Amino acid sequence: MKMKWALYSLFITSIIVLTGCESLMVLDPKGPQAETQANVIWISIATMAFIVIVVFSLLVFIVLKYRASKQSEDYEPPHIEGNPIVESIIVGIPVLIIIFLSIVTVKSTYAVEKTPKGYENKKPLIVYASSSNWKWHFSYPEENIETVNYLYVPTDRPLEFKLYSYGPITSFWIPQLGGQKYAMSDMVTTLHLAASVPGEYMGRNANFSGKGFAENTFLVKAMSESDYDKWVEDVKATAKPLTEEKFNELLKPGHLGQLTFSGTHLQFLPAPEGEYSGHHHGSHQSHVDSRGGHEHNEHSNEKDSEHDHHE
């Protein structure tokens, strides 16, 4: 009797606690990519729930129907070598389930890796999202502005994030807009997202990267195109320019609040893509050396030209 009341108490307590929980962000999508991923999660949950219900129902049925108390004392079970029908069922059904989930997963993966459906003919907003210990830097090359630890984006427009890191490998993740993708120091990875609903969302680094990992988060605000354009104009009119010296300070390990600058660090420290990609090209010193060598060569060429002209 005591065990019965203990189970009842546990059940009621669980219901009370769960009713106070907020909905999971990954199951509350605010964009087409996140909606695709949420649908895959629900399909997986439904499939697993169906399997659990069927298996436990069969378990209860077998236990009740063939329990020992219903047989006579001299009952001797028949010798069975195997049943091809049963064996086909217990092997075939799991194979079909795996095939089904594999097809769903592969199709959804290809869908979220490209421009969101319905946005193919719209010009994407390109944002270079780079991480450092323990902060996020967002460069808008088209608008020529840069923010730290917060991201403003327009709704109903494709977003193309160029991800890389100035430190350890990090993982860029906005749960309500789409899945995570890694940012690394010597290469750029691309993530396609879109926000269909205005609002404020949480973004974070989803890959452990040291003692400051827990606070390595950023705010995402999705707004209408007109509000976004107004914000860009305000930033250009009021924000201080981002200098190379200031950016070097921002790269030092530590936590910062939200910062806004006119100009981007891409002007003096390009992202590791194209001619700047490859081993060690994500570091600051390599870019300085490459620019220095380039300037030296140009200067040498100018001297040679003057010498030839004088002769």
Side-chain angles (χ1 to χ4, degrees), residues 30-31 123-167 170-178 180-181 183 188-195 198-206 209 212-213 215-273 282 284:
K30 303 299 181 182
K123 182 182 178 181
L125 172 66
I126 298 176
V127 180
Y128 282 78
S130 56
S131 64
S132 63
N133 284 336
W134 289 273
K135 58 195 79 74
W136 285 93
H137 312 265
F138 298 104
S139 306
Y140 299 74
E142 183 180 333
E143 288 78 4
N144 197 31
I145 61 177
E146 184 159 326
T147 63
V148 178
N149 290 335
Y150 81 94
L151 175 69
Y152 280 13
V153 296
T155 55
D156 300 320
R157 181 178 176 183
L159 308 173
E160 186 175 316
F161 290 97
K162 302 292 187 179
L163 311 175
Y164 59 103
S165 173
Y166 286 107
T170 54
S171 177
F172 181 85
W173 188 31
I174 308 173
Q176 290 180 275
L177 296 186
Q180 64 85 27
K181 181 165 276 192
V188 169
T189 54
T190 302
L191 177 65
H192 295 279
L193 298 177
E200 292 186 357
Y201 311 118
M202 186 274 290
R204 67 164 302 111
N205 168 24
S209 58
F213 158 75
E215 293 81 27
N216 196 187
T217 61
F218 57 92
L219 170 71
V220 182
K221 186 172 183 179
M223 61 190 73
S224 65
E225 190 82 35
S226 59
D227 289 342
Y228 174 77
D229 292 338
K230 185 177 183 303
W231 170 72
V232 171
E233 292 177 3
D234 291 342
V235 170
K236 289 182 177 180
T238 59
K240 294 181 180 180
L242 179 62
T243 63
E244 189 169 1
E245 182 181 2
K246 180 62 178 178
F247 187 69
N248 289 335
E249 293 180 10
L250 298 177
L251 291 181
K252 295 178 181 178
H255 294 291
L256 291 173
Q258 297 179 359
L259 302 175
T260 311
F261 300 96
S262 61
T264 73
H265 73 266
L266 300 175
Q267 298 168 346
F268 49 81
L269 188 56
E273 60 181 348
H284 189 174

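These figures come from a predicted structure and were not determined experimentally. Both backbone and side-chain heavy atoms feed into the values below; hydrogens, waters and symmetry mates do not. All residue numbers refer to positions in the sequence shown, counting from 1.
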Centroid-centroid distance, Phe261 to Phe247, less than 6.0 Å: no

Backbone of Gly167 reached by a side-chain donor or acceptor of Ser165 within 3.5 Å: yes

CD/Glu249: more than 12 non-hydrogen atoms of other groups inside 6.0 Å: yes

Side-chain touch Leu177/Tyr201, heavy atoms, less than 4.5 angstrom: yes

Smallest separation among heavy atoms of Glu160 and Pro124, with atom names: OE1-CG, 4.0 Å

Aromatic ring proximity Trp231/Tyr140, centre distance under 6.0 Å: yes

Min side-chain heavy-atom separation Tyr164-Tyr128 under 4.5 Å: yes

Close side-chain approach of Leu242 to Thr264, heavy-atom, < 4.5 Å: no

Student check: side-chain heavy atoms of Arg204 and Trp173 closer than 4.5 Å: yes

Gln258 and Thr147, any side-chain heavy atoms less than 4.5 Å apart: no

Separation between CG of Leu219 and CE of Met202, rounded to the nearest 0.5 Å: 11.0 Å

Test item: side-chain donor near acceptor, Thr155 and Tyr228, under 3.5 Å: no

Trp134, Tyr150, Phe172 screened by ring-ring contact (aromatic ring centres under 6.0 Å, His included) with Phe218, the one that passes: Phe172

Close side-chain approach of Leu256 and Leu250, heavy atoms under 4.5 Å: yes

Spatial distance of atom CG (Asn205) from atom CD (Gln180) [nearest 0.5 Å]: 9.5 Å

Salt bridge (Lys or Arg N to Asp or Glu O under 4.0 Å) involving Asp156 - partner list, sequence neighbours excluded: none

Closest non-hydrogen atom pair, Ser139 against Leu266: CB-CD1, 3.9 Å

Close side-chain approach of Leu193 and Val153, heavy atoms under 4.5 Å: no

Asn149 side chain to Gly257 backbone, donor-acceptor under 3.5 Å: yes

Check: Glu146 side chain, His265 main-chain N or O, donor-acceptor pair, under 3.5 Å: yes

Gap separating the NZ atom of Lys230 from the OG atom of Ser224, nearest 0.5 angstrom: 11.0 Å

Rounded distance (nearest 0.5 Å) linking atom CG of Asn248 with atom OG1 of Thr243: 8.5 Å

Side chains of Ile145 and Lys236 in contact at under 4.5 Å (non-hydrogen atoms): yes

Contacts of Arg157 that satisfy salt bridge (Lys or Arg N to Asp or Glu O under 4.0 Å) - sequence neighbours left out: Glu142, Glu225

Separation between OH of Tyr166 and CG of Asn133, rounded to the nearest 0.5 Å: 13.5 Å

Nearest non-hydrogen partners of Ser262 and Ala239, listed with the distance: OG-O, 3.5 Å

Worked check of side chain to side chain donor-acceptor pair (under 3.5 Å) between Thr170 and Ser131: CA-CA 7 Å; Thr170 54; Ser131 64; 2.7 Å; yes

Lys246 side-chain N/O to Pro241 backbone N/O, donor-acceptor pair under 3.5 Å: no

Inter-residue atom distance Leu125.CG - Glu143.CD, 0.5 Å rounding: 5.5 Å

Minimum heavy-atom distance Ser209-Asn216, with the two atoms named: OG-OD1, 4.2 Å

